[in-house]
Amino acid sequence: MRVDQLHPWPSTAAEAEAVQDALRGRVELTGPEEFALVAGLDVHYHGDDEVTAAVVVLDAATLDVAEQAVAHGRAAFPYVPGLFAFRELPALVSALERLTVTPDLLVCDGYGLAHPRGFGLACHIGVLTGLPSMGVGKTPFVGESEPPAPERGSWTPITYGGATVGRAVRTRDGVRPVYVSQGHRISLDTATRQALLLAPRHRIPEPIRRADHLARHPPS
DNA sequence: GCGACAG
DNA sequence: ATCTTGTCGC
């Protein structure tokens with residue numbers, strides 16, 4: 001698939017925050033409810049600043065792999081909480097550009113709306129591609145949430161500044177929840193439903209698990 | 001002031 | 001993210 005021009009790349013934290021503030025208004029919080037091709041994205045770090053980005057596209061109906069791609073590069077920004085997306089975005093976009101199919105949903109490792117400025121990685125990549133996107137985080141980062149009931153499928157809201165920005169979702173009985181938030185062109189109900197549909201067996205949704213594996217063990 | 005802080 | 005063994009459970 002093709003991804004349009006990123007934007008002037010920030011060299012300081014202030015510039016990066018300005019990019020987030022400029023793009024935040026483009027996020028749409030409603031969209032399709034079902035997706036035929038779902039892509040998981042993840043990045044693996046080696047050495048100092050070397051990264052391998054992986055994208056794995058699954059057939060949503062069977063969870064079989066439809067296509068996958070990797071791209072090697074360098075972390076494009078220092079790690080600063082809240083500016084995490086700037087580290088991984090260029091490598092992820094390179095990997096997406098190597099796909100011959102266009103996914104219907106991007107599932108990111110990290111947050112979307114649940115972010116100090118309401119514009120985490122999932123929102124950012126959704127706006128750049130124009131595709132529906134959502135974030136699945138493994139640890140609570142922003143906002144407050146009560147633990148959901150222990151049964152798979154239960155969830156509680158994540159609130160930040162009085163607003164609901166995501167949900168803590170239990171994808172496995174008795175296992176700590178994942179933290180789901182909207183990226184772009186998706187409702188919170190749909191994102192929650194997708195997180196559960198895509199994680200029938202493990203805590204982490206299958207597209208992200210596959211992408212994590214591919215980034216750690218790229219071919220040749 | 002210090003630690004914590006998506007990955 | 002990464003540095004790191006064994007162990008319990010499905």
Side-chain angles (χ1 to χ4, degrees), chain A residues 10 13 16-17 19-20 23-24 27 39-56 70-95 106-128 133-145 150-152 158-161 164-184 188 191 195 199-218:
Chain A
E17 290 179 8
V19 169
Q20 292 179 331
L23 296 181
R24 185 173 42 196
V27 168
L41 318 190
D42 195 20
V43 172
H44 177 67
Y45 292 76
H46 346 244
D48 236 359
D49 262 346
E50 300 164 53
V51 298
T52 299
V55 183
V56 179
V70 300
H72 301 285
R74 291 203 154 268
F77 207 79
Y79 175 67
V80 180
L83 301 178
F84 170 59
F86 294 94
R87 261 177 105 56
E88 304 195 338
L89 223 28
L92 287 171
V93 166
S94 297
L106 304 180
V107 183
C108 300
D109 191 356
Y111 282 152
L113 257 201
H115 174 275
R117 276 173 302 285
F119 197 74
L121 172 65
C123 298
H124 205 143
I125 208 153
V127 166
L128 290 185
S133 63
M134 57 181 277
V136 178
K138 296 185 285 292
T139 61
F141 168 54
V142 71
E144 303 295 330
S145 63
E151 297 77 29
R152 165 180 158 85
I158 300 170
T159 58
Y160 181 65
T164 295
V165 295
R167 288 176 182 163
V169 179
R170 194 82 71 176
T171 53
R172 286 196 68 179
D173 288 356
V175 173
R176 63 194 169 118
V178 294
Y179 302 87
V180 173
S181 58
Q182 291 154 278
H184 183 51
L188 186 51
R201 178 174 163 67
H202 300 284
R203 178 170 88 114
I204 304 299
E206 207 60 26
I208 295 181
R209 293 186 73 240
R210 298 273 194 164
D212 178 85
H213 182 87
L214 180 60
R216 289 175 194 270
H217 309 286

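So that the names make sense, note that chain A is the first sequence line, chain B the second, and so on, each numbered from 1.
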Atom pair CG/CZ of A:Leu23 and A:Arg117 - distance to nearest 0.5 Å
12.0 Å
Just how far, in rounded Å, is P of B:dG7 from CG of A:Asp42?
10 Å
Can you check the A:Lys138 NZ to B:dG7 C1' distance for me, whole Å?
7 Å
Expressed in angstrom and rounded to an integer, what is the separation of A:Ile125 atom CD1 from B:dG7 atom P?
15 Å
When all nucleic acid strands are considered with a 4.0 Å heavy-atom cut-off, which category describes A:Gly135: base, sugar-phosphate, or nothing?
nothing
What's the closest nucleotide to the A:Arg216 side chain, out of C:dT2, B:dA6, B:dG7?
C:dT2
Tell me the interatomic distance from A:Tyr45, atom OH, to C:dA1, atom P, rounded to whole angstroms.
9 Å
Which part of the nucleic acid does A:Gly137 contact within heavy-atom distance under 4.0 Å: base, sugar-phosphate only, or nothing?
sugar-phosphate
Mind telling me whether A:His124 and A:Phe119 have parallel, tilted or perpendicular rings, with 30° and 60° as the class edges?
tilted
Please report the closest heavy-atom contact between A:Gly135 and A:Ala122, naming both atoms and the distance.
N-CB, 3.5 Å
Mind calculating the distance between CZ (A:Arg87) and C1' (C:dT2) to the nearest angstrom?
11 Å
So, does A:Thr139 get its side chain near the phosphate of B:dC5, meaning an N or O under 4.0 Å from OP1 or OP2?
no
How close or far is atom P of B:dG7 from atom NE2 of A:His46, stated in whole angstroms?
18 Å
Starting at atom NE2 of A:His202, determine the distance to atom P of C:dG9, rounded to an integer number of angstrom.
19 Å
Criterion salt bridge (Lys or Arg N to Asp or Glu O under 4.0 Å) against A:Lys138, the qualifying member of A:Asp212, A:Asp42, A:Asp109:
A:Asp109
With sugar-phosphate meaning primed atoms plus P, OP1 and OP2, does A:Leu92 contact a base, only sugar-phosphate, or nothing at under 4.0 Å between heavy atoms?
nothing
Winner on side-chain proximity to A:His44, out of C:dT2, C:dC10, B:dG7, is C:dT2
For A:Tyr111 and A:Pro140 the tightest heavy-atom approach is OH-CA, 3.3 Å
Could you check which of B:dC5, C:dC10, C:dA1 has an atom nearest any side-chain atom of A:Phe141?
B:dC5
Hey, does the side chain of A:Tyr179 come within less than 4.0 Å of B:dA6's phosphate (OP1/OP2), counting only N and O?
no
A:Met134 CE to B:dA6 P, straight-line distance once rounded to whole Å:
19 Å
Check every atom of B:dA6, C:dC10, B:dG7 against the side chain of A:His115 and return the nucleotide holding the closest atom.
B:dA6
